[in-house]
> 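There's a structure below that I have some questions on.
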Number of protein chains: 4
Amino acid sequence: MRQGVLDAVIGLLMRDGVQGITMDRVAMEAGVAKGTLYVYFKNKEEILDAAVEASFEPLIVELTGIMDADKAPDKRLEDFSRLNLQFFDEQQDLIRILFYDRERIHSEKNRFNDDRYLTLLSKVAEVLNEGVDTGLFAPMDSMKIAAMFIEANMGMVMQRIRDGISGDVEQDARQIISIFMEGLRRKQ
Amino acid sequence: MRQGVLDAVIGLLMRDGVQGITMDRVAMEAGVAKGTLYVYFKNKEEILDAAVEASFEPLIVELTGIMDADKAPDKRLEDFSRLNLQFFDEQQDLIRILFYDRERIHSEKNRFNDDRYLTLLSKVAEVLNEGVDTGLFAPMDSMKIAAMFIEANMGMVMQRIRDGISGDVEQDARQIISIFMEGLRRKQ
Amino acid sequence: MRQGVLDAVIGLLMRDGVQGITMDRVAMEAGVAKGTLYVYFKNKEEILDAAVEASFEPLIVELTGIMDADKAPDKRLEDFSRLNLQFFDEQQDLIRILFYDRERIHSEKNRFNDDRYLTLLSKVAEVLNEGVDTGLFAPMDSMKIAAMFIEANMGMVMQRIRDGISGDVEQDARQIISIFMEGLRRKQ
Amino acid sequence: MRQGVLDAVIGLLMRDGVQGITMDRVAMEAGVAKGTLYVYFKNKEEILDAAVEASFEPLIVELTGIMDADKAPDKRLEDFSRLNLQFFDEQQDLIRILFYDRERIHSEKNRFNDDRYLTLLSKVAEVLNEGVDTGLFAPMDSMKIAAMFIEANMGMVMQRIRDGISGDVEQDARQIISIFMEGLRRKQ
DNA sequence: GATGAATGAGTTTTCATTCAT
DNA sequence: TATGAATGAAAACTCATTCAT
């Protein structure tokens, strides 16, 4: 039931965007009565939050798993990029939710989203630090670089979407890693 | 008058976010009657768009100028990063608007924002292409890299804000450029 | 407009009681759109409070005037009783509101009603004190006696209503005063 | 079970007032399922009525007993006042219920409350009549005076509560009786 | 008897927009 | 131009009641 409602929200979110979400529509889409929504969720905000949470859960879990994997740091970052691109290729409409989500990141109300994002951020920073410790990377302010890395990945995701998912994931993931590993400069 | 209304919207957007914008509040903040808003703007959407346009106009103009400057491509990218960081250091509340704006980028309604963003994106891509042409950069899919670059810059901006604007702009700008130029890998 | 809404509320309150008040009905009765109600009042509670306030305003004003009149204290109390009985004879449906109102008096939310009631209470107590000062009354805890006096008057009002407004006002007012002046005991 | 539900209602009534009563809350407070309430009571109204009935039962029983006691009428009235003050000193939150109850007295639905109140009223009137018959009191419209007496007692109760239960019960009870017996006028 | 999930009609509230002045 | 009172459609939310288990 709860899950059914969340699925309905995700569906509507994908189809009509955040502004298109009304409790009426959610109820209809979920095939329950409007009042039922309030049995499981306190109010609209809570439904939206739960839906966003639910839709990114799998990605977060997998990305976190990757960050903890037993591989070289640069390989893990590459896996991160690959998985990220894949996920949004398949769920590109979720981008819209992501932006909804991101806006909330900086709102005072929603600590949870902050936490989730920040946890991932820290995980990436840890991997960068590992890379520094093992002599793979030069010393850096790892939190800032982690933020850059995540956002750069999202930039690539969005550009792919604008292009209509052109090019394959593998190649774009390597492209990201190549830049972060080697920079843009031509090697002579 | 028109400008006063736009300033009011910006103020509200900064203070309360997109959800906090109502025509009532805009009118009150601008010190005009609600009906007056409709003398200058067709509807709410137009007001929002115009306000976002107005607030990012200076940044866009300057960034565009930088992209067209007569400097080496890598220097121009460095200037881009520096200006970007500076702008958001001074106007960090505008971040909220940015997210509003971003969400709209992917909505079907708002061609303008798309255009503005895409124009900048193209400008950056052009610079990258110039760099490729002059042998400074290796060949690349310049639109994707441009998207990554812009988003990576925003990642840095956001991390700076989360840190409470720690570290100076100059250093962080160089950090971004260093990564995109040289990558993360330790030089032996 | 505001007044029209209040009149509508009073009308509904008299006809259907507090529970029968809905914003829909109020709007319909007042002949305005539902939304208009929210132009003049913040919410339902405020409308109810304002309506109760408005309906007792005349009585309060007159009773206050009587308490300040230039007459002997016992005469003023007699006038109080007479006016009170008269008012509720004419507006007996307001009794219902009064009871609604009284409930609110002791709720934590509604300071205003408290104030209004307490002001009248103090006025009556003052008159009693004057009577004590001039040697007309024996010393007393005037606030408590004032409360008793007001409530005793309301008891009479209610019994008159239960009886179907039997007996004339003049006689019942004198009855009240006679008790408070002379007590129930038979004079030999 | 039934009693547990009634206790729950009383508790809620005391804590949050009439408006705060929902079947949900009653069920939760009583520690039963919502549906169970409908096994023992037909609907919400019946629950409220039964709860009010239950809470005033002890007072009513005792007051009635006092009215039937084998004492002089004025002594019985004094006992009435004393018991009344005591009861509400101990249960002052019940005042709220009383007002709820009073509102209902004048509604068409609730015959029971009316009956209960009117029974007490009649009892008091009977005592007054006895007093008249035995030559203790002057002739009077005993129902009206009974109503005044009861309400005057409630006025004292409420003033005591407003004062924070100042003064002792004994003294205030005597004060009420003194007024009804001798009036306010100074004895020379 | 007891449950509690589900209901949906009814209610309050919001707010972009209009329009007579 | 400027106003601001009025609108009403749409939205959020409440809660007494039912019913299959």
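Just so you know, these numbers use all the heavy atoms, side chains as well, and skip hydrogens, waters and symmetry mates. Numbered from 1 within each chain, the chains take letters A, B, ... in sequence-line order.
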> Mind calculating the distance between CD (Glu46(D)) and P (dA16(F)) to the nearest angstrom?
15 Å

> Does dT3(F) have a Watson-Crick or wobble partner in any strand here, with both distances under 3.5 angstrom, and which is it?
dA20(E)

> Indicate the atoms forming the closest heavy-atom contact of Ala8(A) with Val26(A), along with that distance.
CB-O, 3.9 Å

> What is the nucleic acid contact for Ile21(C), judged by heavy atoms within less than 4.0 Å: base, sugar-phosphate only, or nothing?
sugar-phosphate

> Taking atom types as they are modelled, is there a donor-acceptor pair under 3.5 Å from the base of dT17(E) to the side chain of Lys34(B)?
yes

> Could you say whether Asn43(D) or Lys42(A) is positioned toward the 5' end of DNA chain F, judged by the nucleotide with the nearest heavy atom to each?
Lys42(A)

> Roughly, in whole Å, what's the span from CZ in Arg2(C) to C1' in dG4(F)?
17 Å

> Report yes if a side-chain nitrogen or oxygen of Thr36(C) is closer than 4.0 Å to either non-bridging phosphate oxygen (OP1 or OP2) of dT7(F); otherwise report no.
yes

> Which one, dG1(E), dA12(F), dA16(E), comes nearest to the side chain of Val39(D)?
dG1(E)

> Choose from dA16(F), dG4(E), dT13(E) the nucleotide whose nearest atom is closest to any side-chain atom of Tyr38(C).
dT13(E)

> Using every non-hydrogen atom in the two residues, find where Ala30(C) and Val5(C) come nearest and quote the distance to one decimal.
CB-CA, 4.0 Å

> If you assign each of Gly35(A) and Arg25(B) to its closest nucleotide in DNA chain E, which residue comes earlier from the 5' end?
Gly35(A)

> What is the separation between atom CE on Met28(B) and atom P on dC15(E), rounded to the nearest whole Å?
13 Å

> Nearest 0.5 Å, please: how far is CG in Leu59(C) from CD in Glu57(C)?
10.0 Å

> Provide, to the nearest angstrom, the distance between the NZ atom belonging to Lys44(B) and the C1' atom belonging to dT18(E).
17 Å

> Categorize Tyr40(D) for me: base, sugar-phosphate, or nothing, with a 4.0 angstrom heavy-atom threshold over every strand shown.
sugar-phosphate

> Return the 5'-most residue of the pair Ala33(B), Met1(C) with respect to DNA chain F, ranking by each residue's nearest nucleotide.
Ala33(B)

> Using the closest heavy atom to pick a nucleotide of DNA chain E for each, name whichever of Leu37(D) or Met23(C) lands nearer the 5' end.
Leu37(D)

> Can you measure Glu45(A) atom CD to dA12(F) atom P for me and round it to whole angstrom units?
13 Å

> Going by purine N1 to pyrimidine N3 plus the second Watson-Crick contact, or the G-U wobble pair, all under 3.5 Å, which nucleotide sits opposite dT14(F)?
dA9(E)

> Okay, side chain of Arg25(D), backbone of Leu12(D): is any donor-acceptor separation there less than 3.5 Å?
no

> Which heavy atom of Ile47(B) sits nearest to which heavy atom of Leu37(B), and what is that distance?
CD1-CB, 4.2 Å

> Between Phe41(D) (CZ) and dA16(F) (P), how many Å, whole number?
15 Å

> Can you check the Asp24(D) CG to dG4(E) P distance for me, whole Å?
12 Å

